[in-house]
Every structure is written in structure tokens, then in C-alpha cells.
2 protein chains.
Amino acid sequence: MKGLSAKQQAILDFLRQFIRNKDYPPSIRDIQLGCEISSTSVVDYNLKALERLGYIRRDREVSRAIEMLDGTGRRPHTVPVPIVGTIAAGSPIPVFEPGASYGEMVDATEEMTRGKENVYALRVKGTSMIDALVNDGDIVIMERTNSADDGEMIAAWLKDEEETTLKRLYTDGDRIRLQPANETMKPIYTRPENLEIMGRVLTTISHHH
Amino acid sequence: MKGLSAKQQAILDFLRQFIRNKDYPPSIRDIQLGCEISSTSVVDYNLKALERLGYIRRDREVSRAIEMLDGTGRRPHTVPVPIVGTIAAGSPIPVFEPGASYGEMVDATEEMTRGKENVYALRVKGTSMIDALVNDGDIVIMERTNSADDGEMIAAWLKDEEETTLKRLYTDGDRIRLQPANETMKPIYTRPENLEIMGRVLTTISHHH
DNA sequence: TTCTATTCGGAACGCGTGTTCTGCTAGGAA
DNA sequence: TTCCTAGCAGAACACGCGTTCCGAATAGAA
């Protein structure tokens with residue numbers, strides 16, 4: 001962090017704050033005013049120094065294209081994920097139609113969706129999913145799929161039982177084992193024909209109010 | 001969604017995509033090229049129409065200042081949260097120093113931090129926090145505080161037991177009740193002097209790999 | 001001292017960019 | 001037909017903005 005003059009440190013702080021407030025980078029003259037610098041050339045001089053030291057990156061083709069490299073100014077990419085409905089023990093899982101428009105949305109980082117397509121979210125209703133370590137009001141971020149590999153956490157509809165559940169999927173011979181995330185709880189065994197996979201669980205989020 | 005010409009729809013789509021890719025809005029001539037429009041005045045004409053119809057907002061003082069109002073182009077604000085360490089049953093909770101710099105970071109939306117200051121994150125180690133519906137590898141987003149209201153989920157250090165735990169806090173007369181999030185599990189009772197509050201739990205995140 | 005590198009001031013240059021002006025074309029209403 | 005409006009094309013204008021050039025300080029080394 002050292003090796004920077006007071007002016008260069010002030011420019012970095014101003015950049016951070018400006019981008020956070022306005023969602024776009026400042027112009028050179030914005031920096032000049034904001035940091036009370038006497039000339040645009042001084043700003044340019046110090047920006048070049050900051051760029052050489054690796055603190056920022058600039059795109060000479062486009063105005064206001066200053067990018068901060070230490071992460072504090074950069075906004076990570078987020079994806080709005082539609083909440084297609086609620087998931088509860090006794091009711092089927094709402095089906096996500098990729099084209100349709102849904103009212104409620106959750107903002108998720110790409111870390112949470114892992115860059116997947118066909119991502120949707122469900123709101124957990126009741127405490128019946130507690131063996132998946134998910135409680136009433138939590139949000140489950142899902143990827144729509146009809147199949148899953150062994151060990152993956154899925155949302156499943158058990159036809160005979162008319163039950164919805166969140167479990168890890170394992171094939172035990174010619175039977176299916178659904179294993180709770182809470183390993184102190186017992187698994188469910190069932191026939192493959194009784195299982196309908198509604199999606200893969202990517203992330204769960206609990207807000208504690 | 002209707003009432004828009006094909007050109008206006010194309011401009012909206014292009015805006016969405018451009019902002020998503022480059023993190024800043026396009027210039028009028030970028031739109032002209034991207035939508036294969038013959039003149040800048042046509043772009044301006046349709047942008048004015050879109051602005052009148054309420055689809056976008058523009059800042060006439062600043063170049064490239066086009067803001068989409070339907071949310072799909074706007075990036076929700078996210079905050080980088082430092083992961084200050086791990087939380088496990090037998091070891092104390094790492095103390096978050098607001099000024100210090102930490103290596104690992106998690107990106108959280110403002111919905112997850114609720115705009116709070118002094119926010120940090122802990123990585124859950126082991127399965128000892130499972131009664132808080134949190135499992136090995138999960139991330140807990142915390143607000144640093146020394147006190148908490150009844151019913152709030154806190155991270156606590158029990159001095160006598162030398163135990164770390166995540167529980168809801170309740171005062172029962174002159175004793176403290178620590179209630180698991182999983183209501184089928186039993187609470188802990190202890191003296192106030194035995195309890196050190198290390199922070200308030202804002203959100204928990206589970207990534208299922 | 002003298003030389004050299006760093007930092008800064010002021011001004012101008014040139015391109016990017018939003019805006020405006022003029023005119024054209026197509027289509028519908030009177 | 002005539003008139004009006006929506007939409008478009010091309011050009012020019014004015015200003016924002018990054019850049020550059022010329023010098024003047026200032027400080028440290030030789």
C-alpha cells in the first residue's frame with residue numbers, strides 16, 4: 001500500500017467512492033475537482049503512475065474507462081433469479097418456464113449460480129425441509145434439470161407419497177437412496193420410477209431477521 | 001412490452017447486453033453500430049421515445065449515461081465481505097478488525113448484508129453447527145456487535161465450556177437461553193457472564209458442490 | 001554549486017459524443 | 001388531391017474529455 005503519494009492515495013479513494021455512488025467511473029476533470037488538483041495533466045500524470053504500479057487499468061479508446069484492480073471498486077456480476085414459487089412437503093414443485101416472467105426476483109452472485117443457465121429460485125415454506133438444513137423462509141437456488149449425478153443435491157417429487165423433498169441422490173443397486181444433508185437423519189429408499197427430479201440445488205440462502 | 005417498434009426493441013436488447021458485457025453503457029454511436037442503424041439522429045430519436053415511454057433514463061450532462069429502468073440492465077449493489085477465518089465448535093471465533101485486510105473475500109448482495117457496516121464472514125468447519133442449520137463449508141455472514149436483542153441469531157463464545165455456537169438469544173429471567181434454529185433440538189441455558197457475543201448472524205449461504 | 005529526476009501548472013490540440021438542423025419518404029385522414 | 005405526423009438520412013455544431021507540449025518549481029546526488 002506504500003509507495004503512493006498522498007495525491008495518488010486520494011485519487012484511489014475518490015475513484016472507489018465515485019464508482020460506488022454513480023455506477024460509472026469519473027472523468028479526469030471529475031477527479032481534478034474531487035481531489036482539488038490544479039490541472040488535468042497532473043491527474044493524467046498520476047493516473048499513469050497508478051496504472052504502471054498496477055492499481056488501475058484504463059481503456060484509452062473509451063472515455064471514463066478506469067477500472068480498479070484491487071476489487072473494491074469492481075462490482076461482481078450478479079444475476080437476477082426469478083422466484084417461481086414455494087417448495088413445501090405436500091405440494092408439487094413449481095415448474096420453471098425459461099421464457100416466462102415472474103414477479104419476485106432474488107439477486108445472486110455468479111458464484112451462487114455458477115454461471116449456469118435455467119436457474120430459478122424457490123422459497124421454502126414450513127419446516128419440512130429441515131433435514132436438508134433449510135428452514136421456513138429460506139431461498140433455494142436451483143438449476144432446472146431432469147437428471148443428476150450421484151451425490152448431487154436435488155429437488156425431487158415422490159409420486160406415490162406425493163411428497164416434495166431436498167436430498168442428495170445415490171443409486172444403490174436398482175434402488176434410489178435419498179440422503180439428507182444432515183447426516184444424523186435417515187435416508188429414504190425408493191424405486192427410480194417413483195422419483196421425478198425437478199432440479200439441482202446450487203445454493204441455499206438463509207436470511208435471519 | 002408492446003407499443004415498441006422493432007428498432008426500439010433492438011436498442012433495448014442491445015443496451016442490456018452491452019451493459020452486461022462491459023460494465024458501462026454504450027455511446028450513441030456504439031448503439032448505431034450494434035443495431036445497424038444508419039444515423040446517430042435515428043438513435044437519438046428512438047432513445048428519446050424510449051425515455052418518454054419510461055424504459056430508460058438519461059443524464060444529459062454525462063456521456064454514456066443511459067440507465068435501464070426495468071432492472072435487467074441494472075447491477076444490484078454488492079459488497080465484498082472478508083472471510084476472517086473459520087468457525088468451529090472447539091476454537092474461538094476470529095475477531096474482525098475493520099481496518100485490517102483479509103485474503104479471501106465473498107461477494108454479497110446488499111440484501112444479504114442489509115446495508116450494515118462492520119460486516120464479515122466466517123467459514124463453517126465441521127458439523128458442530130448443524131443445529132443452526134449450517135453445515136461444513138457453509139459461509140456465515142456476520143455483523144460485528146457486542147450486544148443483541150432477544151430472538152436474534154448470534155455467534156457466541158461460551159467461556160466455561162470453551163465452545164463456539166450459533167444460536168438465537170433469549171433472556172429467561174436472570175439466565176440466558178440459547179435456542180437452536182432447528183426447533184427439534186434442545187436449547188442451552190447459561191449465565192450472562194459466561195456468554196461473549198461475537199456478532200450477529202445476518203445470512204448463511206450453502207454452496208452444494 | 002551543477003545536473004538530473006520528479007512533480008506540477010497552464011494551455012492547447014484533437015477526437016469522441018450528444019445534440020440539432022434541414023430535408024426526405026411513407027402513410028393515413030380530411 | 002392536401003395536410004399532418006412518424007420515422008429516417010446526412011451533415012454540422014458545440015462541448016466533454018483524454019492527451020500532449022512546454023516550462024517551472026523542488027529536491028536530492030555528484
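So you know, we letter chains A, B, ... as the sequences are listed, proteins then strands, and number each from 1.
- Here D/dG7 presents its P atom at 15 Å from CD of B/Gln9, a figure rounded to the nearest Å.
- The side chain of A/Thr40 approaches D/dT19 more closely than any other nucleotide in the set D/dT19, D/dA12, D/dG18.
- Between the side chains of A/Asp107 and B/Thr109, not a single donor N or O lies within less than 3.5 Å of an accepting N or O.
- Between the CG atom of A/Leu50 and the C1' atom of C/dT7 there is a distance of 14 Å, given to the nearest Å.
- Within the nucleic acid shown, B/Ser39 comes within 4.0 Å of at least one base atom, counting heavy atoms only.
- Ring orientation note: the planes of B/Tyr102 and B/Phe96 are tilted relative to one another, at an angle of 30° to 60°.
- Considering only the side chain of A/Ser41, C/dA11 comes nearest among C/dA11, D/dG18, D/dG7.
- Between C/dT17 and B/Arg58, no contact under 4.0 Å exists linking OP1 or OP2 to a side-chain N or O.
- Between the CZ atom of A/Arg52 and the P atom of C/dT7 there is a distance of 8 Å, rounded to whole Å.
- Residue B/Lys48 places at least one side-chain N or O under 4.0 Å from the OP1 or OP2 atom of C/dT20.
- Residue B/Glu193 qualifies as enclosed at atom CD: its count of foreign heavy atoms under 6.0 Å is above 12.
- Distance from the side chain of B/Val42 is smallest to D/dC8 among C/dA12, D/dC8, C/dT17.
- A side-chain donor from one of B/Gln8 and B/Asn46 sits under 3.5 Å from a side-chain acceptor of the other.
- For B/Asn194 and B/Glu161, the side-chain atoms include at least one donor-acceptor pair closer than 3.5 Å.
- In this entry the distance linking CG of A/Asp44 with P of C/dC13 reads 18 Å, nearest Å.
- Atom pair B/Asn46:CG and C/dT19:P shows a separation of 14 Å (rounding to whole Å applied).
- Atom CG in A/Leu47 sits roughly 9 Å away from atom P in D/dG18 (whole-Å rounding).
- Rounded to a whole Å, the CD atom of A/Glu61 is 8 Å from the P atom of C/dG16.
- Between the OH atom of A/Tyr45 and the P atom of D/dA24 there is a distance of 18 Å, given to the nearest Å.
- Checking A/Arg29 against A/Lys7, the closest nucleotide of DNA chain C that is more toward the 5' end is the one next to A/Lys7.
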